[in-house]
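Computed from a prediction, not measured in an experiment: that's the story for all the values here. All residue numbers in this chain count up from 1 along the given sequence. Note that these values count all heavy atoms, side chains included, but never hydrogens, waters or copies made by symmetry.
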Amino acid sequence: MTALGRRMFGKTGREVTPVGLGGEGVLRTYGRHAEANAVIMEALNQGITYFDSAKVYAGSEDYYGEVWVSHPDLRAPVFQASKSASRLHADAEMDLQESLQRMGIETLDLWQVHDVRTFPDIREIEGPSGALAAFIEAKEMGIVRHIGVTGHHDPDVLSHAVENWPVDAVMMPANPVEGALGGFLSSTLATAREQGVAVIGMKVLGGANYLVPDAGVTPETLVRYALAQDISVAIVGCSTPAEVQALAAAGRSGPLTESEAEALVEAFRPYARELAYYRGPL
């Protein structure tokens with residue numbers, strides 16, 4: 001098996017594989033322990049080092065915890081991320097303690113302010129009782145190594161966070177619909193790169209809505225499109241070991257060429273506004 005390559009994770013000094021295991025798929029369930037374990041173990045077997053989760057992703061953190069507690073030797077080489085959607089300092093602090101407890105670990109590699117949608121969100125998070133201070137304190141205390149922000153509603157809102165918050169990473173949509181619409185992959189991505197902030201690509205398959213196998217739009221094509229953008233890692237939720245294998249294979253294939261990526265964007269352009277379902281009304 002060819003080794004997966006590595007990409008720098010912003011200015012953190014860390015490297016990650018170009019593809020990572022998303023926190024959706026079978027991980028965003030309850031009670032499917034054997035299936036979730038098989039997916040996580042296959043990702044480790046494939047050499048994937050970036051693992052995504054969130055407090056609100058059902059049993060995701062518990063599934064990871066079962067692996068890290070059973071195989072503590074497997075934890076050290078990986079980059080474990082999670083998120084808190086709480087907007088207030090005290091709530092975010094509680095979320096972090098719960099995440100660490102559920103995952104059976106003492107330190108998170110990346111803790112992210114989850115799903116920032118609006119400027120009122122920004123003001124609340126930045127405010128005197130806001131969650132941002134809890135994130136900064138957790139990093140200063142060494143409980144988390146890096147902090148980040150995620151969003152898929154408004155590129156201007158996410159760009160504000162990247163420009164004004166001391167984040168190490170930003171998670172945003174990376175797919176041909178975004179290539180057609182602009183915003184996340186034009187302004188927010190450029191802002192992140194100027195700041196040295198790592199970029200995590202999500203919504204890579206558009207929740208499987210973007211798959212058109214008869215037209216050659218396969219999961220591999222969409223992952224390779226994301227990798228053609230200037231991102232650090234593309235994450236995809238998986239439900240079976242076979243899907244993990246396909247994700248890793250796409251990572252080994254590397255990015256689409258510029259002309260291939262442009263052709264894919266043009267194919268999606270007529271439908272882009274309706275397909276950007278995760279942005280809300282456009």
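- Judged purely by atom type and a 3.5 angstrom limit, R7 uses its side chain to pair as donor or acceptor with the backbone of L227.
- The CG atom of L100 sits 5.0 Å away from the CG atom of L108 when rounded to the nearest 0.5 Å.
- Surrounding CE of M141 are at most 12 heavy atoms belonging to other residues, nucleotides or ligands under 6.0 Å away.
- D230 contributes atom CG, which lies 10.5 Å from atom CG of L185 (distance to the nearest 0.5 angstrom).
- Judged by distance alone, the side chain of S232 and the main-chain N or O of V199 form a donor-acceptor pair under 3.5 Å.
- In summary, K83 and D95 do not engage in a salt bridge, as defined by a charged side-chain N under 4.0 Å from a carboxylate O.
- To the nearest 0.5 Å, atom CD1 of residue I48 and atom CD of residue E42 are 8.5 Å apart.
- P219 is not listed as a side-chain neighbour of L247, based on a closest heavy-atom distance of 4.5 Å or more.
- Between the R273 side chain and the Y271 main chain, no donor and acceptor come within less than 3.5 Å of each other.
- The closest donor-acceptor contact from the side chain of Q112 to the backbone of S82 lies under 3.5 Å.
- With 3.5 Å as the limit, one finds no donor-acceptor pair spanning the side chains of D91 and S86.
- Taking 4.5 Å as the limit, some side-chain heavy atom of D52 sits within range of a side-chain heavy atom of Y57.
- For the residue pair E61 and S99, a side-chain donor N or O sits within less than 3.5 Å of a side-chain acceptor on the partner.
- A heavy-atom distance below 4.5 Å is found between the side chains of V157 and F119.
- Side-chain N or O atoms of S84 include none that pairs as donor or acceptor with a backbone N or O of A92 at under 3.5 Å.
- Two residues are said to be in side-chain contact when any heavy atoms from C-beta on lie closer than 4.5 Å; Q195 and V170 fail this criterion.
- Between H152 and Y278, the ring-plane angle classifies as perpendicular under the 30° and 60° cut-offs.
- Using cut-offs of 30° and 60° on the angle between ring planes, the pair Y277 and Y210 is perpendicular.
- No side-chain donor-acceptor contact under 3.5 Å links Y50 to the backbone of G22.
- Q97 places no side-chain N or O within 3.5 Å of a backbone atom of E93 that could act as its donor or acceptor partner.
- No donor-acceptor pair closer than 3.5 Å links the side chain of R75 to the backbone N or O of I105.
- Under the 4.5 Å side-chain heavy-atom criterion for Ile, Leu, Val, Met, Phe, Trp and Tyr, V177 and I200 are members of distinct hydrophobic clusters.
- In this structure, CZ in R269 is found 11.5 Å from CG in L264, a value given to the nearest 0.5 Å.
- With hydrogens and angles left out, the side-chain atoms of Y63 and S53 include no donor and acceptor closer than 3.5 Å.
- In this structure a side-chain-to-backbone donor-acceptor pair under 3.5 Å is present from N175 to K203.
- Side-chain heavy atoms closer than 4.5 Å link hydrophobic residues (I, L, V, M, F, W, Y) into clusters, and following such links, possibly through other members, connects V212 to L222.
- Atom-to-atom distance recorded for L4:CG and T49:OG1 is 8.0 Å, nearest 0.5 angstrom.
- For the pair M103 and F51, the minimum side-chain heavy-atom distance is 4.5 Å or more.
- Ring geometry, F135 versus W111: the interplanar angle falls under 30°, so the pair is classed parallel (tilted spans 30 to 60°).
- Panel note: side chain N164, backbone H160; a donor-acceptor pair is recorded below 3.5 Å.
- When only modelled atom types and interatomic distance are considered, T221 and T218 share a side-chain donor-acceptor pair under 3.5 Å.
- Taking CD of Q46 as the reference point, atom CG of L44 lies at 10.5 Å (rounded to 0.5 Å).
- By the 6.0 Å contact criterion, CD on Q101 is open, its count of non-hydrogen atoms from other residues, nucleotides or ligands being 12 or less.
- In summary, the side chains of T12 and D168 do not present any donor paired with an acceptor at a separation below 3.5 Å, with no hydrogens or angles considered.
- Hydrophobic cluster membership differs between V233 and V39, with clusters built from Ile, Leu, Val, Met, Phe, Trp and Tyr side chains linked at under 4.5 angstrom.
- Put simply, the side chain of I147 does not reach to within 4.5 Å of the side chain of W165, judged on heavy atoms.
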